[in-house]
Amino acid sequence: MITTHLDAAQLAKESLQSTLLLRILEYARAHLAEPGLNAVQVAAAHHMSVRRLYKVMAEGGISLADWIRTRRLEECRNEFRRPSSRLTTIEAVARRWGFTDMSNFSRIFGAAYGMSPREWRDLQPAREKSKTVSNGDAQIVHAPLQ
């Protein structure tokens with residue numbers, strides 16, 4: 001009976017340990033837009049030391065800072081793909097995803113994707129929307145809206 005209880009406790013501990021990296025990354029993903037997201041915040045949220053956090057991340061072959069930066073860049077790039085991003089400044093998009101230094105953002109975006117954020121956004125096709133109005137038997141098609 002005691003052995004069964006101890007085995008269950010050990011299994012529960014192993015289960016929590018095996019999902020720790022996933023829980024850390026999900027927490028970081030949920031807080032990507034926060035400019036102050038850092039190892040201290042993530043460690044505190046998981047009731048561990050920063051040293052332990054780095055150990056867990058290293059065991060998974062992940063650098064927390066690199067992971068956060070890469071995910072933020074991906075979110076910015078995805079946002080630049082949307083035609084509506086043309087109505088928003090590049091700086092606003094970058095700030096929305098936690099970047100605070102625009103020259104640094106432009107530099108690391110260029111290093112990651114081989115072009116500036118503006119060049120990337122300008123390469124994305126603008127979706128053309130046309131408005132069709134029915135006027136009795138005839139249909140009037142207006143020029144594309146951009």
Side-chain angles (χ1 to χ4, degrees), residues 1-133 140-146:
M1 190 98 151
I2 292 174
T3 305
T4 305
H5 179 69
L6 290 176
D7 289 343
Q10 182 63 29
L11 285 174
K13 183 179 177 183
E14 289 173 4
S15 178
L16 282 175
Q17 185 63 30
S18 68
T19 63
L20 183 56
L21 180 59
L22 179 61
R23 288 182 284 130
I24 289 168
L25 294 177
E26 283 306 310
Y27 176 88
R29 186 183 317 278
H31 295 270
L32 274 179
E34 297 174 17
L37 180 63
N38 60 31
V40 173
Q41 177 184 343
V42 175
H46 291 86
H47 310 288
M48 65 174 59
S49 68
V50 172
R51 182 177 177 179
R52 172 81 176 117
L53 171 68
Y54 284 138
K55 184 176 185 228
V56 170
M57 299 297 292
E59 287 170 357
I62 299 170
S63 159
L64 182 62
D66 289 345
W67 189 91
I68 290 171
R69 183 175 36 260
T70 299
R71 295 297 127 359
R72 285 177 171 169
L73 285 170
E74 288 172 354
E75 292 297 338
C76 289
R77 184 185 63 181
N78 290 338
E79 197 160 328
F80 293 144
R81 283 185 176 139
R82 296 185 204 118
S84 61
S85 78
R86 296 176 192 282
L87 304 174
T88 307
T89 64
I90 288 171
E91 180 178 359
V93 171
R95 288 192 187 284
R96 185 175 307 142
W97 288 106
F99 291 102
T100 56
D101 181 337
M102 291 309 104
S103 62
N104 183 51
F105 168 71
S106 292
R107 185 181 54 75
I108 63 175
F109 190 97
Y113 302 116
M115 63 185 71
S116 73
R118 182 168 316 285
E119 290 169 327
W120 173 263
R121 185 173 66 178
D122 290 346
L123 281 176
Q124 304 311 306
R127 291 188 184 137
E128 296 183 6
K129 296 179 182 177
S130 60
K131 184 177 177 183
T132 304
V133 178
I140 302 169
V141 177
H142 294 274
L145 302 174
Q146 294 183 342

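The model shown is predicted, which means the values in this text are computed figures rather than measured ones.
Looking at Y113 and E119, their side chains never bring a donor and an acceptor atom within 3.5 Å of each other.
Between the R71 side chain and the L32 main chain, no donor and acceptor come within less than 3.5 Å of each other. Between the side chain of R121 and the main chain of F80, no donor-acceptor pair closer than 3.5 Å is present. Looking only at distances, a side-chain donor or acceptor of T89 sits under 3.5 Å from a matching main-chain atom of A92. Listed for the R95 side chain is a donor-acceptor partner under 3.5 Å among the backbone atoms of T100.
For the atom pair CZ (F105) and SG (C76), the distance works out to 4.0 Å, reported to the nearest 0.5 Å. The structure places CG of N104 at 5.0 Å from CD1 of I108, a figure rounded to the nearest 0.5 Å.
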Worksheet entry | Test log, rule side-chain contact (heavy atoms from CB on, under 4.5 Å), inputs M48 and V42 | CA-CA 9 Å; M48 65 174 59; V42 175; over 6 Å; no
Item to complete: Take L21 and E59, measure what side-chain contact (heavy atoms from CB on, under 4.5 Å) needs, and give me the verdict at the end.
Response: CA-CA 9 Å; L21 180 59; E59 287 170 357; over 6 Å; no
Practice prompt. Kindly indicate, with the supporting measurements, whether the criterion side-chain contact (heavy atoms from CB on, under 4.5 Å) is fulfilled by R52 and H46.
Written response: CA-CA 10 Å; R52 172 81 176 117; H46 291 86; over 6 Å; no
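Contact check for I62 versus I24: no side-chain heavy atoms found under the 4.5 Å cut-off.
Residues R77 and E74 are not paired through a salt bridge, judged by the lack of any N-O separation under 4.0 Å between the basic side chain and the carboxylate.
Of all heavy-atom pairs spanning L53 and A39, the tightest one is CD2-O, 3.4 Å. Shortest non-hydrogen contact noted between A94 and M102 is CB-SD, 3.8 Å.
Applying side-chain contact (heavy atoms from CB on, under 4.5 Å) to R72 and the options W67, F99, F109 leaves one that passes, F99.
Other residues, nucleotides and ligands place no more than 12 heavy atoms under 6.0 Å from the OH atom of Y54.
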